[in-house]
Every structure is written in C-alpha cells, then in structure tokens.
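This report refers to the structure that appears directly beneath it.
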Amino acid sequence: MAMRADDLIDRRRLRRKLTFWRVTAFVIVAAALIAFSAWIYGDDFTGQAIDHIAKVKIEGTITEDEELIKRLETIRKSATVKGVILSIDSPGGTTVGGESIYEEVRKLAADKPVVAEVGTLAASAGYMIASAADHIVARKTSIVGSIGVLIQYPDVSGLMDKLGIKLEEVKSSPLKAAPSPFKPTNDDERAMVRKLILDSYDWFVGIVAERRKMTREQAQALADGSIFTGRQALANHLVDAVGGEPEAINWLATKGVDSKLKVVEWKDTERHGLLFSRSMTKAVASALGLPDAGGDIIHELGADRLFLDGLVSVWHP
C-alpha cells in the first residue's frame, strides 16, 4: 500500500532528528577525547600554529637528553618561533650532557635569538648551557657559576677489611679500571684522573671565555668552583642582566621579536604509555605529597644524581 504524504514527512523528520543526534553524539565523544587527552598530556597536546616565543625549561640533573635535543632542533626549524627563552634551573650534571645541549643551543642561536633565564640555580653544566645563549638574565639571588669538572668515587677498602673481604683482580696494565672503590688510589692513578679532569676543565674555561667575551685569564679566575649570586654574577660579567621573563622578552624585542607575542612552553612530548606518562607520574607524585614542579618521582627524590657516570660538572649543595 502506498505511503501517505504525512507518513513520508514524519519519516524524513525522524531521519533528520536521528542524523542530528548522531552528529551531536560524535561531537560530544570527540570533545571528551580531546579534553581527556589535554588532561593527560597538558599543553603538549596543543599545537603552535601562530607566531610565538618558545620557552624551554631545562631543570634538574643534566644528562644526555635525546628528546630535548630533538625538541630544540624542531624549534630551530619552526617558522612560527620568532625567539627562544631557555628557562634554566639546574645544579649541573654530566659534562657530555652539558656539551651536547650547549652545541644544540648554539645551532639554535645561529637561526633565532636565544635568551637564558636563570631561576634558582644555573651551576656547572647548567651554566655551561646558559652560556650558549646570546643573553643571560638571572634573579638577584639566583645561584650562578661553579665552573669546573670533577670525578667522585668512594673508597670502601676500609669497610672491606673490617668485613674480611678481599678483591682479586688480573688486568692488562696497572691503570686499567682505575680508580677503583675497592682499593686506595695511588699517585699514578690520581695523576691520570687529574689529566682527564683538567682537559675537560680547559675546554669549559675556553667556552666561558669565548661566550662571555673575556680573556682566558679572566675566565680562569672565576672558574675556581665558586658560586655567585645573580648580582655578583652580573658584576663578574657571567650574566648580562638581573630579572626574569619580562626582562628576557625585552631583550628579545631588541632583536626584532615582537614583545606582544605569546610565550608558549614547548614541553617534553615523549610518552611511555598512559601508566608511565609524565602527567600520570606527576599525579602520583602529587598524591604522595611530592612537589609538582619536576613531574618525575625519581627526579623529585634526587635519586637521578646517584647514577651519574663519567666526568660530571655539577654543584652539590
């Protein structure tokens, strides 16, 4: 039997309603997924499609960081990044870690103006990275400096004697696997280690002299491991100005960067799944009553410093 006109009209209305609610449901689900992703990943989920000033935080103990190197490289190649602020709060770390980040910052500074903004601390390898910027701003009471290199190792030979433990070893030459925590260091071993340290130290002093426009003698006079307040560092030409982000932006403006541009933090975008993402770790740390700033439980506990290997350029408070 042929459908009546009223039935056809009702069916079409029903189809339109179903289509509307299907589209509405899809939009709601999509919005929920976006909101959930934003909650999990934070600002990393948003893109940077407009001109802006990129901000990169370098915090905690410095080690070789492939993700940070890639992030700096991406910033360098981004057409929307007009200037860069390196926000540094670090006691230092491994010399190789500092060297690799230093070199990447120098590449970045060849294409875009880069300013370092020192927070609480930029010591040792932290200052090494800051010196790669074209301009350094520090707070009046920031801790700056500790220019130097060291190797630290325990001597547990006395404890072994008390416990009746002896170490037997066969090696190809006297300096192999030296120094060792299982026996006292002799003069030859100490001389070898000192040569190693002084070579890296010589390189560190050289980049400070080059980047801060000092004579080598002037740089060496400051490179005795001393730490300085931001005001002292300014007087010693280790930083260029006192202040924070506004002063950093003002300097970028002198390099042709619009001071009205939004400052966008480029965060670590590497994820290790939902359960081990930085955001989830940060939530767990918060539940445990740990500080929220670091976002990494191991980092917050300071345990990362226990596993530094090789030459280190770090200030230990």
Side-chain angles (χ1 to χ4, degrees), residues 57-65 68 86-103 105-106 115-133 135-154 193-244 293-294 299 302-317:
K57 290 186 177 181
I58 300 175
E59 300 174 318
T61 306
I62 292 167
T63 57
E64 291 184 83
D65 191 336
L68 176 57
L86 297 179
S87 178
I88 300 175
D89 191 354
S90 170
T94 65
T95 52
V96 170
E99 177 188 351
S100 61
I101 299 171
Y102 170 88
E103 291 178 348
V105 172
R106 289 308 306 143
V115 56
E117 175 200 347
V118 178
T120 301
L121 179 64
S124 297
Y127 180 73
M128 181 190 297
I129 294 170
S131 70
H135 192 78
I136 304 176
V137 176
R139 294 291 183 182
K140 295 176 182 177
T141 55
S142 296
I143 297 174
V144 180
S146 188
I147 301 167
V149 182
L150 78 155
I151 287 181
Q152 290 181 327
Y153 50 91
V193 174
R194 183 163 177 78
K195 288 179 183 178
L196 188 73
I197 291 173
L198 289 180
D199 186 68
S200 291
Y201 172 74
D202 184 65
W203 172 79
F204 195 172
V205 172
I207 66 170
V208 172
E210 177 187 352
R211 297 298 307 145
R212 301 309 302 167
K213 296 180 173 57
M214 300 178 180
T215 66
R216 188 170 188 83
E217 290 72 22
Q218 289 173 324
Q220 204 153 16
L222 298 170
D224 60 355
S226 296
I227 52 174
F228 308 94
T229 66
R231 297 201 315 161
Q232 291 173 325
L234 178 63
N236 286 312
H237 307 292
L238 291 175
V239 304
D240 299 292
V242 293
H299 166 71
D304 51 355
R305 299 186 194 180
L306 298 177
F307 303 103
L308 294 181
D309 192 16
L311 288 172
V312 296
S313 181
V314 63
W315 176 67
H316 294 283

Only counting residues at least two apart or in another chain, list the ones meeting salt bridge (charged side-chain N to carboxylate O under 4.0 Å, His left out) with [X].
{"X": "R231", "result": "none"}
{"X": "R212", "result": "D240"}
{"X": "R216", "result": "D202"}

Could you list all the salt bridge (Lys or Arg N to Asp or Glu O under 4.0 Å) pairs where at least one residue sits in residues 136-149, not counting sequence neighbours? none
Do you know the tightest heavy-atom contact between [X] and [Y]?
{"X": "I129", "Y": "G98", "answer": "CG1-O, 4.0 Å"}
{"X": "A125", "Y": "G93", "answer": "CB-N, 3.7 Å"}
{"X": "V105", "Y": "A133", "answer": "CG1-N, 4.2 Å"}
{"X": "A122", "Y": "I88", "answer": "CB-CG2, 4.0 Å"}
{"X": "S124", "Y": "P91", "answer": "CB-O, 3.9 Å"}
{"X": "V149", "Y": "I197", "answer": "O-CG2, 3.5 Å"}

To the nearest 0.5 angstrom, please state how far the [atom1] atom of [X] sits from the [atom2] atom of [Y].
{"X": "F228", "Y": "I147", "atom1": "CZ", "atom2": "CD1", "result": "7.0 Å"}
{"X": "S142", "Y": "D89", "atom1": "OG", "atom2": "CG", "result": "8.5 Å"}
{"X": "E64", "Y": "I101", "atom1": "CD", "atom2": "CD1", "result": "9.0 Å"}
{"X": "I143", "Y": "Y127", "atom1": "CD1", "atom2": "OH", "result": "15.0 Å"}
{"X": "T229", "Y": "N236", "atom1": "OG1", "atom2": "CG", "result": "9.0 Å"}

T215: which residues meet the side-chain hydrogen bond (donor to acceptor under 3.5 Å, both in side chains) condition with it, sequence neighbours left out? Q218
Side-chain touch [X]/[Y], heavy atoms, less than 4.5 angstrom:
{"X": "I136", "Y": "V144", "result": "no"}
{"X": "Y201", "Y": "R194", "result": "no"}
{"X": "L238", "Y": "M214", "result": "yes"}

Evaluate side-chain contact (heavy atoms from CB on, under 4.5 Å) for L222 paired with V208, printing each intermediate quantity in order. CA-CA 10 Å; L222 298 170; V208 172; over 6 Å; no
Side chains of T94 and T63, donor plus acceptor under 3.5 Å: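 Per modelled atom types, T94 and T63 side chains form no pair under 3.5 Å.
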Report the residues that fulfil side-chain contact (heavy atoms from CB on, under 4.5 Å) with A209, sequence neighbours left out, ordered by chain and then residue number.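 Counting only residues at least two positions away or on another chain, A209 forms a side-chain contact (heavy atoms from CB on, under 4.5 Å) with A219.
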Step-by-step side-chain contact (heavy atoms from CB on, under 4.5 Å) determination, R211 to R106: CA-CA 10 Å; R211 297 298 307 145; R106 289 308 306 143; 3.2 Å; yes
Can any side-chain N or O of S90 pair as donor or acceptor with the backbone N or O of G92 at less than 3.5 Å? yes
Are the side chain of S131 and the backbone of M128 linked by a donor-acceptor contact shorter than 3.5 Å?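 A pair under 3.5 Å: yes.
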